[in-house]
Asks: 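Just passing along the structure, written as structure tokens.
Just so it is clear, the values below take in all heavy atoms, side chains as well, and ignore hydrogens, waters and symmetry mates. Naming convention: chains lettered A, B, ... in sequence-line order (proteins, then strands); numbering from 1 in each chain.
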Amino acid sequence: MERSNDQVANLLQEYADLIAITGGDAFKARVYEKAARSVGGYAGDIAKMDAGELRRIPNVGTSIAAKIDEFLRTGAIHQLEELRGKIPAGVRRLTVIPSLGPKKAVMLYHELGIDSIESLEGAIRAGLLHDLHGFGAKTEENLLHGIELMHKAGERVDLGVGMSAAEEIVAALLQVPGCERCVYAGSLRRMKDTIGDIDVLATAREPAALMDAFTRLPTTGEVIAHGDTKTSVRTVAGLQVDLRVVPADSWGAALQYFTGSKAHNIRTREIAVHKKLKLSEYGLFDVTTGEKIASTDEADVYGMLGLPWIPPTLREDSGEIEAALRGELPRIVAETDLRGDLHTHTNLTDGLASLEEMAAAAAERGYAYFAITDHAPELYMQRMTDEKALAQREQVRKLDGAYGGMRLLHGTELNIDPEGDVDWPPEFLAGFDLCVASLHSHFTQPREETTRRLLRACENPHIKIIGHPTARVIGRREPVDADWDTVFTACARTGTALEIDAFPERLDLPAGLVRRASGKGVLFAVDSDAHAVPHLANMRYGVATAQRGWLTADQVINAWPLDRLLRFLQADRP
DNA sequence: GCCGTTTTCGGCCCGACTGTTTTCAGTCG
């Protein structure tokens, strides 16, 4: 099942939204929001906690602890149900449209009865918003653009959402008696940054029983199709999941086939044809004799085609077949190659966990080094000051080595302002072990300005990593427009690494740009950008993005040994 | 509704930007 922490975090966030949308106390709404983040980011399992223990979670007091407790015991929170009754769910969903908040959403509902994104789109096109106070031509345009952005992402979900759904389903199916093997395949196995549907592959002694069990999982909302070898359902969250049961001796061929991509499979089947073979999900066959020559193991299938096994993250027909034929497939970076994390936050700014908690969790992951990079003063809301930064540095120095010998680095995440300048002057930056610099505003500057801005950051000798370079949020915010090739050239020349931010809604730099930058000799840092202990585990998504960008461990600075990393961080600094 | 205390009430991240308005509300980070 989904972590209780996440379930409760979602409910508390919904409660906060409903307070805001029904015109409740804004401060109260904010408290629920803060509590939602605290619970979602809490390292312990709340399902095992009583009301008293729950209150020890930051921002959880008597009232919220009681609500959580009620949910854990009964599966519902009655006050939440009451609020839900006051406003249609579609109205709350309107606020996912950028630039549309609770105030406008509820106004649209009360004035025009708009209770869904579809009805909003219709109303705008019908000109019904013209007479509404506070809605001008530009607002309509922005709303339509926001809706378009969401349509473009379609019904797809981000990699993190897809992965947790898939892992939950696979784990449940493996518990069904008679289920022998069960894995997810498709775009999820290729770790694409968004997932349209989930493909699950299984072998079972009694396929029909497994199919039946699948239709009855708690995650299953509706059954779309129910057959002998394939069953499709839609989860309660609206995600389509296809389960295919295959014969055990077809496992490898089926896994290859259902992992895709379509373009990659076309290429492998072409290769088979040239060798007078036929490749299908049932196996690789000799056309003349009809004999099956490979099928149980994926590597055998590739092997009989004259190819090495190709990692799923490379299977996009973007040159991997040619590279494989030449024996030049890269040894792509693996999560186990990473020796540290270079972009993380604590509760000194907008993180949830203390420096000690973050460091302890990092050490548990086996890291040799770990950088704390809290926000700098220019993000006013974080209330960072010189004094706080220096006090944190002292604390970092004191704790250095205290967690299994792990090296603690004191860094900061600077804000790149519209001109390309950052929060602190060079002499103050010189005191940090590491400076990450990122865009946090002015995302819609023209290409030339954004490019100049990023170039200026690269030229700053103290800045060694550009954080989440495109600033995109998948399905919510477009990447900034920059002349990336110029930026990449500057990064390579100045020794500035580009980050691959591992948050599943970011995955930024995106894989396509990673590959382009890699070609220009740029180095990378795969970072969690963790704001809480559980976020440290997002690293897998960042690594997958690095793989999809064809990176080797040598191109990733946090896969380097400490001494090499430190030399890189010190290079060219005055 | 939570927190911290100058402990039972007052403050709560705060400034910028946008689009609308004509002095400001809503949204965002």
Asks: So, using side-chain hydrogen bond (donor to acceptor under 3.5 Å, both in side chains) as the criterion, who are the partners of A/Glu459 when residues are at least two apart?
Replies: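 For A/Glu459 the side-chain hydrogen bond (donor to acceptor under 3.5 Å, both in side chains) partners, ignoring immediate neighbours, are A/Arg493.
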
Asks: I'd like a table of donor-acceptor pairs (distance under 3.5 Å, sequence neighbours excluded) in which one partner is a side-chain atom from residues 495-505 of chain A, with atom names and distances.
Replies:
unit_1	atom_1	unit_2	atom_2	d
A/Thr496	OG1	A/Cys458	O	3.4
A/Thr496	OG1	A/Thr494	OG1	2.7
A/Glu499	OE1	A/His343	ND1	3.4
A/Glu499	OE1	A/His468	N	2.8
A/Glu499	OE2	A/His343	ND1	2.7
A/Asp501	OD1	A/Phe503	N	3.1

Asks: Looking at every non-hydrogen atom in both residues, tell me the closest pair between A/Ile46 and A/Leu72 and how far apart they are.
Replies: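 Where A/Ile46 meets A/Leu72 most closely, the heavy atoms are O-CD1, 3.4 Å.
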
Asks: Rounding to the closest angstrom, what is the interatomic distance between B/dC12 and B/dC17 at atom C1'?
Replies: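 The answer is 23 Å between these two C1' atoms.
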
Asks: If we take the P atom in both B/dG15 and B/dG4, what is their distance in whole Å?
Replies: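 It works out to 23 Å between them.
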
Asks: Looking at A/Arg447 and A/Asp483, does any basic side-chain N land under 4.0 Å from a carboxylate oxygen?
Replies: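 No, A/Arg447 and A/Asp483 are not salt-bridged.
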
Asks: Could you give the distance separating B/dA25 and B/dG11 at their C1' atoms, to the nearest angstrom?
Replies: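 It comes out at 23 Å once rounded to the nearest Å.
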
Asks: How far, in whole Å, is B/dC3 from B/dT8 if one measures between their C1' atoms?
Replies: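 The same atom, C1', in both gives a distance of 12 Å.
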
Asks: Not counting sequence neighbours, which residues clear ring-ring contact (aromatic ring centres under 6.0 Å, His included) with A/Phe524? List them please.
Replies: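 For A/Phe524, no residue satisfies ring-ring contact (aromatic ring centres under 6.0 Å, His included) once neighbours in sequence are set aside.
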
Asks: Has the side chain of A/Glu357 got a donor or acceptor atom that lies under 3.5 Å from a matching backbone atom of A/Ser354?
Replies: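 Yes.
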
Asks: Atom CG of A/Leu100 and atom CZ of A/Phe135: how far apart are they, to the nearest 0.5 Å?
Replies: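 Here the interatomic distance stands at 6.5 Å.
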
Asks: For A/Leu507 versus A/Asp193, what's the shortest heavy-atom pair and its separation?
Replies: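 Closest pair (atom of A/Leu507, atom of A/Asp193, distance): CD1-CB, 3.4 Å.
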
Asks: Provide a list of protein-nucleic acid N or O atom pairs under 3.5 angstrom, restricted to nucleotides 1-3 of chain B.
Replies:
unit_1	atom_1	unit_2	atom_2	d
B/dG1	OP1	A/Lys28	NZ	3.3
B/dC2	OP1	A/Gly61	N	2.9
B/dC2	OP1	A/Gly61	O	3.4
B/dC2	OP1	A/Ser63	N	3.4
B/dC2	OP1	A/Ile64	N	3.0
B/dC3	OP1	A/Asn59	N	2.8

Asks: Searching all strands shown, indicate the nucleotide that pairs with B/dT8 (Watson-Crick or G-U wobble; both distances under 3.5 Å).
Replies: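 Paired with no nucleotide.
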
Asks: C1' atom, B/dC13 versus B/dC28: distance in rounded Å?
Replies: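 Each nucleotide's C1' atom is 13 Å from the other's.
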
Asks: How many Å lie between NE2 on A/His531 and P on B/dG29, as a whole number?
Replies: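 For the pair A/His531 NE2 and B/dG29 P, the rounded distance is 13 Å.
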
Asks: For the C1' atoms, the ones on B/dT21 and on B/dG26, what distance do you get once it is rounded to whole angstrom?
Replies: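 Those two atoms are separated by 13 Å.
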
Asks: Summarise protein proximity over nucleotides 16-28 of chain B in one line of letters, 5' to 3': B for base, S for sugar-phosphate only, - for none, counting protein heavy atoms closer than 4.0 Å.
Replies: -S-SS-----SSS

Asks: For a quick test of your reading: what N or O donor-acceptor pairs under 3.5 Å do the side chains of residues 136-146 of chain A make, sequence neighbours left out?
Replies:
unit_1	atom_1	unit_2	atom_2	d
A/Glu140	OE2	A/His130	ND1	2.9

